[in-house]
Engineer: 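My questions will all concern the structure given below.
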Amino acid sequence: MSGHGTPIPMTSRKCGPLRGEAHVPGDKSISHRSLILGALCVGQTRITGLLEGEDVLDTAAAMRAFGAEVTDHGGGEWSVDGVGVGGFAEPEQVIDCGNSGTGVRLIMGAMATSPITATFTGDASLNGRPMGRVTDPLALFGARAFGRVGGRLPMTIIGAADPVPVRYTVPVPSAQVKSAVLLAGLNAPGQTVVIEKEATRDHTERMLRGFGAELTVEQTAQGRVITLTGQPELVPQTIVVPRDTSSAAFPVCAAIITEGSDVLVPNIGLNPTRAGLFETLRDMGADLTYENLREEGGEPVADLRARFSPDLRGIDVPPERAASMIDEYPVLSVVAAFAQGKTGMHGVKELRVKESDRIDAMAKGLRAAGLTVEEGEDWWIVHGLGHGQVPGGATVESRLDHRIAMAFMVMGMATRKPISVDDGSPIATSFPIFEPLMAGLGARIERSNR
Ligand code: S3P
């Protein structure tokens, strides 16, 4: 749980070439889902390569509170002995999801169609985020939610004793909302239908099928129509969690902006609902190649090779790509600072309700580091200064947001003067080995006392 401890100020200084291999940790989205779906099976699910970041550990603790047996066997090996669909016990304590929007929203969905009551809370960042987007569709199943004003945590959910299946069009592009509805649909009789106008990450659909649920996806004029047949018996699985595409973004972008760099980031999933950043970087003229392109577990996987790219150019990122790179805009805006010309990012209103308001957090920090940034409600433009021209010399607020902290640490590797963040502790939510991994490549990130 981040945000409860002492802040860890960090400084990143200009460094020499980044070189070597960056083995990033397991995927956060898939790690949460492995634990939750494992808890909804009868029998034992084995998980290898689980992300042992704070967000996922909070979900593991939550699954224990709902009655599953979750065991850490060491070295990223975990097992979950589940209680079955509809088998969740009522937790005795408040469920603290720390910093994790994915954790709390998916778990709310998973418990909302069982006759139990649970109270959820989180850190200051999570307790400021909107939950109405999840509790609105859960109410259609018959669940009731009592939270703070604006639909904020702490919040109590009273699960539906006699849930009915729903047909729901997700009003915002959000895999968390889609997944919460699907997980709730598991314990409703009949067919639950979720429609999304824009495709978002599809891990829940793929994994539900992998666990034996009957689920179909149809592309129609209204969007993706996902139909789940309720009350399946989920079958325990052996899951190998792929490495996190969103974590890979940090060493990749660091190599692209740091003179002389050549970094290999092995085994990264290129699921089209996740890999929009890499396409965007290539459109900007980055030297980023996919080596050893292959298929693993039905998904495209490659070793990413990122080299220093001195001639980056600003582009307009197509808005229809936003969902496939929604977590990568902070670090993309850092790369944009080192490009020639403007990089426009449009159709990205969702960035305002992430762990922080990411447009505001990045715009303020980039301006403090010498950049010009324009912004509107759902767009922003970074005016790039080109390689070697970005001043830096700023201390930036990370606002309990791991991706803001890491984006600015990447930036400091190539600015003229160092970049500091007031608190790097949130990095542990998703990328606990960020500092040693980047140091191993040649980065100069220090923990500093202000
Ligand atoms: C996630 C969905 C996205 C993403 C988050 C992980 C998921 O959130 O930003 O980091 O695992 O489903 P939204 O659903 O809010 O877009």
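Only this structure's heavy atoms are used, side chains among them; waters, hydrogens and symmetry mates stay out. Computed from a predicted structure; not experimentally measured.
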Engineer: Under 6.0 Å from the ring centre and within 45 degrees of the ring axis: does the NZ or CZ of R282 meet both conditions for the six-membered ring of Y290?
Structural biologist: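 Relative to the ring axis of Y290, which defines the angle, R282 lies inside both limits.
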Engineer: Considering only heavy atoms from C-beta outward, does the side chain of T119 approach that of F146 to under 4.5 Å?
Structural biologist: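 Result no, sub-4.5 Å side-chain heavy-atom pair not found.
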Engineer: Hey, are the side chains of T343 and M284 touching, using non-hydrogen atoms and a 4.5 Å cut-off?
Structural biologist: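 Yes, their side chains come closer than 4.5 Å.
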Engineer: Can you tell me how far the CG atom of L304 sits from the CG atom of N267, to the nearest 0.5 Å?
Structural biologist: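 If we round to the nearest 0.5 Å, L304:CG and N267:CG are 9.5 Å apart.
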Engineer: Kindly give the heavy-atom pair with the smallest separation between D27 and V241, and that separation in Å.
Structural biologist: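 That would be N-CG1, 3.4 Å.
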Engineer: Between R201 and D327, is the closest basic N to carboxylate O distance under 4.0 Å?
Structural biologist: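 Answer for the salt bridge query: yes.
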Engineer: Would you find a donor on one side and an acceptor on the other, under 3.5 Å apart, between the side chain of S247 and the backbone of F431?
Structural biologist: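 Absent.
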Engineer: I'd like to know if the side chain of T45 reaches the main chain of Q237, judged simply by a donor and an acceptor atom lying under 3.5 Å from each other, with no hydrogens or angles considered.
Structural biologist: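 Yes.
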Engineer: Look only at the side chain of N127 and the backbone of R152, and say whether a donor-acceptor pair between them is shorter than 3.5 Å.
Structural biologist: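 Not confirmed, N127 side chain does not pair with R152 backbone.
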Engineer: Can you list the steps and then say if E54 with T429 is a side chain to side chain donor-acceptor pair (under 3.5 Å)?
Structural biologist: CA-CA 4 Å; E54 288 169 357; T429 60; 5.7 Å; no
Engineer: Quick one: does R403's side chain have a donor or acceptor within less than 3.5 Å of a partner on V331's backbone?
Structural biologist: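 No, R403 side chain to V331 backbone: no donor-acceptor pair under 3.5 Å.
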Engineer: Can you tell if the side chain of D360 reaches within under 4.5 Å of the side chain of R352, non-hydrogen atoms only?
Structural biologist: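 The answer is yes; the side chains approach within 4.5 Å.
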Engineer: Of E198, E218, E205, which meets salt bridge (charged side-chain N to carboxylate O under 4.0 Å, His left out) against R224?
Structural biologist: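 That would be E205; it is the only one of E198, E218, E205 passing the salt bridge (charged side-chain N to carboxylate O under 4.0 Å, His left out) with R224.
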Engineer: Check the pair N99, R129 against side chain to side chain donor-acceptor pair (under 3.5 Å), reporting the backbone distance first and the verdict last.
Structural biologist: CA-CA 10 Å; N99 191 249; R129 296 179 69 184; over 6 Å; no
Engineer: Start with the C-alpha distance between R274 and E299, add both sets of side-chain angles, then the distance that settles salt bridge (charged side-chain N to carboxylate O under 4.0 Å, His left out), and finish with yes or no.
Structural biologist: CA-CA 11 Å; R274 291 290 297 278; E299 304 229 12; over 6 Å; no
Engineer: Tell me whether the count of non-hydrogen atoms from other residues, nucleotides or ligands lying under 6.0 Å of CD in Q93 goes above 12.
Structural biologist: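 Result for CD/Q93: open.
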Engineer: How far apart are the closest heavy atoms of P25 and I433, and which atoms are they?
Structural biologist: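 Between these two residues, the closest heavy atoms are CG-CG1, 3.9 Å.
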Engineer: Can you tell me how far apart CZ (F211) and SG (C41) are? Round to the nearest 0.5 Å.
Structural biologist: 5.0 Å
Engineer: Give the minimum heavy-atom separation between A322 and G347, together with the two atoms involved.
Structural biologist: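 The pair with the smallest heavy-atom distance is CB-O, 3.8 Å.
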Engineer: Can you see whether H203 engages S29 through a side-chain donor-acceptor pair at a distance of less than 3.5 angstrom?
Structural biologist: no
Engineer: Scan M325, E279, H346 and name whichever one has a side chain to side chain contact (heavy atoms under 4.5 Å, CB included) with V317.
Structural biologist: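 Testing each of M325, E279, H346 against V317, the sole residue satisfying side chain to side chain contact (heavy atoms under 4.5 Å, CB included) is M325.
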Engineer: Would you check, one step at a time, whether the test side chain to side chain contact (heavy atoms under 4.5 Å, CB included) holds for R133 with S174?
Structural biologist: CA-CA 9 Å; R133 52 177 55 200; S174 167; 4.1 Å; yes
Engineer: Would you check if the side chain of R33 reaches a backbone N or O of L106 as a donor-acceptor pair within less than 3.5 Å?
Structural biologist: no
Engineer: Does the T11 side chain pair with the main chain of E446, one donor and one acceptor, at a distance under 3.5 Å?
Structural biologist: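 Here the side-chain-to-backbone pair does not exist.
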Engineer: Assess the residue pair L186 and T113 against the criterion (side chain to side chain contact (heavy atoms under 4.5 Å, CB included)); give the C-alpha distance rounded to whole Å, side-chain angles, the decisive distance to 0.1 Å, and a yes or no.
Structural biologist: CA-CA 8 Å; L186 277 177; T113 44; over 6 Å; no
Engineer: Determine, for D303 against R243, whether the closest basic-nitrogen to carboxylate-oxygen distance falls under 4.0 angstrom.
Structural biologist: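 Salt bridge between D303 and R243, a charged N being under 4.0 Å from a carboxylate O: no.
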Engineer: Walk me through whether V382 and L332 qualify under side chain to side chain contact (heavy atoms under 4.5 Å, CB included).
Structural biologist: CA-CA 10 Å; V382 175; L332 173 68; over 6 Å; no
Engineer: Compare every heavy atom of I30 with every heavy atom of P242, then report the nearest pair and how far apart it is.
Structural biologist: CG-CD1, 3.5 Å
Engineer: Please check: side-chain N/O of D423 versus main-chain N/O of I8, any donor-acceptor pairing under 3.5 Å?
Structural biologist: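 Present.
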Engineer: Starting from the C-alpha separation in whole Å, work towards a yes-or-no answer on salt bridge (charged side-chain N to carboxylate O under 4.0 Å, His left out) for D283 and R321.
Structural biologist: CA-CA 12 Å; D283 289 349; R321 207 182 272 171; 3.0 Å; yes
Engineer: If you compare all heavy atoms of S333 against all heavy atoms of L366, which two are closest, and at what distance to 0.1 Å?
Structural biologist: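 It is OG-CD1, 3.8 Å.
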Engineer: Keeping the roles fixed (side chain from T135, backbone from A145), state whether a donor-acceptor pair exists under 3.5 Å.
Structural biologist: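 Such a contact is absent between T135 side chain and A145 backbone.
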Engineer: Mind running side chain to side chain donor-acceptor pair (under 3.5 Å) on T102 and H32 for me, showing each step along the way?
Structural biologist: CA-CA 8 Å; T102 306; H32 283 296; 4.8 Å; no
Engineer: Applying side chain to side chain donor-acceptor pair (under 3.5 Å) to T200 and K178, what does each step give before you reach the verdict?
Structural biologist: CA-CA 9 Å; T200 61; K178 167 179 67 177; 3.0 Å; yes
Engineer: Compare all side-chain heavy atoms of E328 with those of T280 and state whether any distance is below 4.5 angstrom.
Structural biologist: no
Engineer: Nearest 0.5 Å please: distance from the OG atom of S114 over to the CD1 atom of I158.
Structural biologist: 14.0 Å
Engineer: Take R358 and D401 through the salt bridge (charged side-chain N to carboxylate O under 4.0 Å, His left out) test and state the conclusion after the steps.
Structural biologist: CA-CA 9 Å; R358 285 183 171 161; D401 190 330; 2.8 Å; yes
Engineer: Test your reading of the model: is there a side-chain donor-acceptor pair from R399 to the backbone of E397, 3.5 Å cut-off?
Structural biologist: no
Engineer: If you count every heavy atom of other residues, nucleotides or ligands that lies below 6.0 Å from E77 atom CD, does the total exceed 12?
Structural biologist: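 Yes, CD of E77 has more than 12 neighbouring heavy atoms, counting only those of other groups under 6.0 Å.
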Engineer: Would you name the heavy atoms of F141 and P137 that are closest together and state the gap between them?
Structural biologist: CD1-O, 3.5 Å
Engineer: A side-chain contact here means heavy atoms from C-beta on lying under 4.5 Å apart; do P173 and E350 qualify?
Structural biologist: yes
Engineer: Is it the case that atom CD in E69 sees more than 12 heavy atoms from other parts of the structure closer than 6.0 Å?
Structural biologist: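 At most 12 heavy atoms, drawn from other residues, nucleotides or ligands, come within 6.0 Å of this atom.
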Engineer: Going from OG1 on T121 to CG on L153, what distance comes out if it is rounded to the nearest 0.5 angstrom?
Structural biologist: 6.0 Å
Engineer: Before giving the answer on side chain to side chain contact (heavy atoms under 4.5 Å, CB included), spell out for W379 and E374 the whole-Å C-alpha distance, their side-chain angles and the decisive distance to 0.1 Å.
Structural biologist: CA-CA 8 Å; W379 60 270; E374 298 169 67; 3.8 Å; yes
Engineer: State, yes or no, whether a side-chain contact exists between C253 and V334 at a heavy-atom distance under 4.5 Å.
Structural biologist: no
Engineer: Would you indicate whether E21, at its atom CD, is surrounded by more than 12 heavy atoms from other residues, nucleotides or ligands within a distance under 6.0 Å?
Structural biologist: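 Yes, the 6.0 Å shell around CD holds more than 12 heavy atoms from other groups.
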Engineer: Does the side chain of L50 come within less than 4.5 Å of D72's, by heavy atoms?
Structural biologist: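 Side chain of D72 against side chain of L50, heavy atoms only: no contact under 4.5 Å found.
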Engineer: If you define the side chain from C-beta out and look only at heavy atoms, does anything of V335 sit under 4.5 Å from L281?
Structural biologist: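 Yes; the side chains approach each other to less than 4.5 Å.
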Engineer: Donor-acceptor pair, S12 side chain versus M409 backbone, under 3.5 Å?
Structural biologist: yes
Engineer: I need the F250 CZ to M406 CE distance, nearest 0.5 Å.
Structural biologist: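 The CZ atom of F250 sits 4.0 Å away from the CE atom of M406.
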Engineer: Would you give the length of the straight line joining atom CG of L351 to atom CE of M362, rounded to the nearest 0.5 angstrom?
Structural biologist: 10.5 Å
Engineer: For R144, I'd like to know if atom CZ has over 12 heavy atoms of other residues, nucleotides or ligands within 6.0 Å.
Structural biologist: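 Not buried by this count: 12 neighbours or fewer within 6.0 Å.
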